[in-house]
Structures are given as structure tokens and as C-alpha cells.
Amino acid sequence: MTTDKWILSHRGAKNMVDPFRPYAWLVEKERQISGLIEEVGTIFLTNMECPLHCLMCDLWKNTTDRPVPVGAIPAQIEWALAQMPGVKYVKLYNSGSFFDDRAIPPPDYLQIASLLSGFETVIVESHPKFIDEKCLQFRDMLNGELHVAIGLETVHPEILRKLNKHVSLDDFGISVKFLNRNGIKTRAFILLRPPYLSESEGIFWAQKSIDFAFNCGVECCIVIPVRAGNGVMEELMKTGDFHQPQISSLETVLEYGIGLKAGRVFADTWDLSLFSTCPDCLEKRINRINIMNLNQEISDSEICPCHADFS
Ligand code: SF4
Ligand SMILES: [Zn+2]
């Protein structure tokens, strides 16, 4: 049984964070729905820890124990925007749910929207539990489009339960339909090889999850190879219940998703060296993934003998 207590008991210490500074920010190129490749800023907001305790989550590391004061989130955004002049697309990722009142105080919505008045799209993330009329209020305050990213994680029913996310496939589908009905585009986070799955099962269930997400009406899927790093995942590695996926599996799932031509599919490219032990092809594979992300076309793959070990 996966319990909060068991997950929490393996945690280490949190990092020191400043409620008036985002804990990170970056600008990267991303293909837009229009087909144009644009610079997109991501601001990793510092706020109160998510009330859920998902098995694979390490986002709690850069959070506060209490709600941040009203005004702190706009101050973080203002500071981050000054670091990324000219950017017109932004993701506000907050280690939880943007529409969780204890994470982002609703009295801050108007000032946040005003800071983002020149942006074409604003992407936030949220658990289905927090998706309601508040999303529409925030949408109405923005000049640009609001998009919402939701963690589907996996459609494997047993594994989804074990992830301790307290979400069902119905909850996901209802949230996507509610948002789409109200003119808000949605994207899904999908895990590649969560715990308790073999490499081939990891690929299979990630592909099934992409199918499900597009059938629900999401516009974009992001495939995230699962990594250790939160304590409990290391414990599952010790017991043989979790193995990090191979970079070649990420390519396979990305190829599958792009091949569907049902919407954009991106592979998460953060620290891909974790998912390869082969010095001969790592750089080539990372380049290939980046090119497929940008072009949304399957590019040729070079055969490397290491690939056979993991297929
Ligand atoms: S809902 Fe998201 S932020 Fe919250 S614990 Fe789960 S994965 Fe982490
Ligand atoms: Zn290789």
C-alpha cells in the first residue's frame, strides 16, 4: 500500500527558498500550435507545498511550509519577466496547482494578469481537484490565451492508484472537457515508466496514456521519463520496484505520439543524461529528441548497439 506516511518518511530536507523570488526560471524554444517555433519562458514559482503527496514527486523540495504573503507571487513574476525580455509565451509552474488558494492567493490573480498583459499564452498547471470556476475568472483577466497543464501520469489503473495522486481517469476527462468547453486549451503530463513497470510495459502504458489524453481532448502531451530523487523512489530502486527508463524508450514514445498527428507531443528534456549509459549515442539521441520536439516530425535514428540492450 502506498501511503502518505510511507512516502513522507523517506524525504530529505527542503531547499532554502525566498517567497519573493522564483526558485528557477528558463527560456527555451517550443513549437506553437501555429507551427511557429517561439521562445517560451518558464517561471518556477516559490509557494506553499502541494497538499498531495504523489509517489514520484520531488517538487516539494522548493516549496514553503506556509502560504506566501499576498503580493509575493506577483513580485516573483515581475522579477522573472525582467530576466526574459521579448518573450511572449510563459509557463507559470508552481510545484503544485495554480488554482490551489494556499499556493497562489486569488487576490493576486489580477496583478498577475496585469503583469502578463502582453503575453500570447499563459500556461499554468493544476490537479483536477482545483479546476473549477476560478480558472474562468483568471482566464477573463488575461489578454492572451490561458492553457492548463494537468498530470494524467498514467492510464494504468493500478499504477495510477499506487502513485497516490488521488485522481481518477474520469476526473481527468471531466477537467479537460470543462476547460475545453470554456475556451481553455489543455496539455497532459504523462510518465514514462513509473514504478512497478518493466521497460516494455513503461513504453506501452505511456503510449496508451497519450491515446487517452488526446481522446479526452487535450491539445498537447508531454512525456516525462520518471527519475529518482525524492527519497522514496530511491527506496523503490533498492527493492527492484523502480528502474529509470532508457532514453531510447523516450524516443520510441515520442515517435509514437508524433505519429498520431493528434496534437503536439513533446519529450521532457531535463537532464536526459540520467537515462543513458552509452557515451557513443547520448548526444545524438538528445539532439534527435530536441529536433523531434521542435519539428513534430519523426527524424531518422542512428543504430547504436546499446539500443538492443534495452528494447
Ligand atoms: S499533484 Fe503534482 S505537485 Fe502535487 S504531489 Fe502530485 S505531482 Fe507533486
Ligand atoms: Zn549507444
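Note that ligands are numbered from 1 as they come in the structure, with each ligand's atoms numbered from 1 the same way. Computed over heavy atoms, backbone and side chain alike; hydrogens, waters and symmetry mates excluded.
- The single protein non-hydrogen atom nearest to atom 6 (Fe) of ligand 1 is C54 SG, 2.3 Å, given as residue, atom name and distance.
- Here the protein heavy atom with the shortest distance to atom 2 (Fe) of ligand 1 is K165 NZ, 3.8 Å.
- Against a heavy-atom cut-off of under 4.0 Å, G96 is close to the following atoms of ligand 1: 3 (S).
- Which parts of ligand 1 touch S95 is read off a 4.0 Å heavy-atom cut-off, strictly below it: atoms 3 (S).
- For G151, the heavy-atom gap to ligand 1 stays at 4.0 angstrom or more.
- The closest side-chain donor-acceptor pair between D271 and S273 falls under 3.5 angstrom.
- The aromatic rings of W25 and W79 lie perpendicular to each other, with more than 60° between the two planes, well past the 30° mark.
- Here the side chains of E30 and E38 are not in contact, with every heavy-atom distance at 4.5 Å or above.
- Look at D268 and R227 and you find a salt bridge, because one of the NZ, NE, NH1 or NH2 atoms lies within 4.0 Å of a carboxylate O, short of that distance.
- Atoms of ligand 1 lying under 4.0 Å from any heavy atom of L52, numbered from 1 in the order shown and given with element: 1 (S), 5 (S).
- In the model, K14 has a side-chain atom that pairs as donor or acceptor with a side-chain atom of T63 under 3.5 Å.
- When each atom of ligand 1 is checked for a heavy atom of C50 under 4.0 Å away, the hits are 1 (S), 3 (S), 4 (Fe), 5 (S).
- Annotation: Y93 is not in aromatic contact with F98 [ring centroid separation under 6.0 Å not met].
- Among the atoms of C57, an N, O or S atom falls under 2.8 Å from atom 8 (Fe) of ligand 1.
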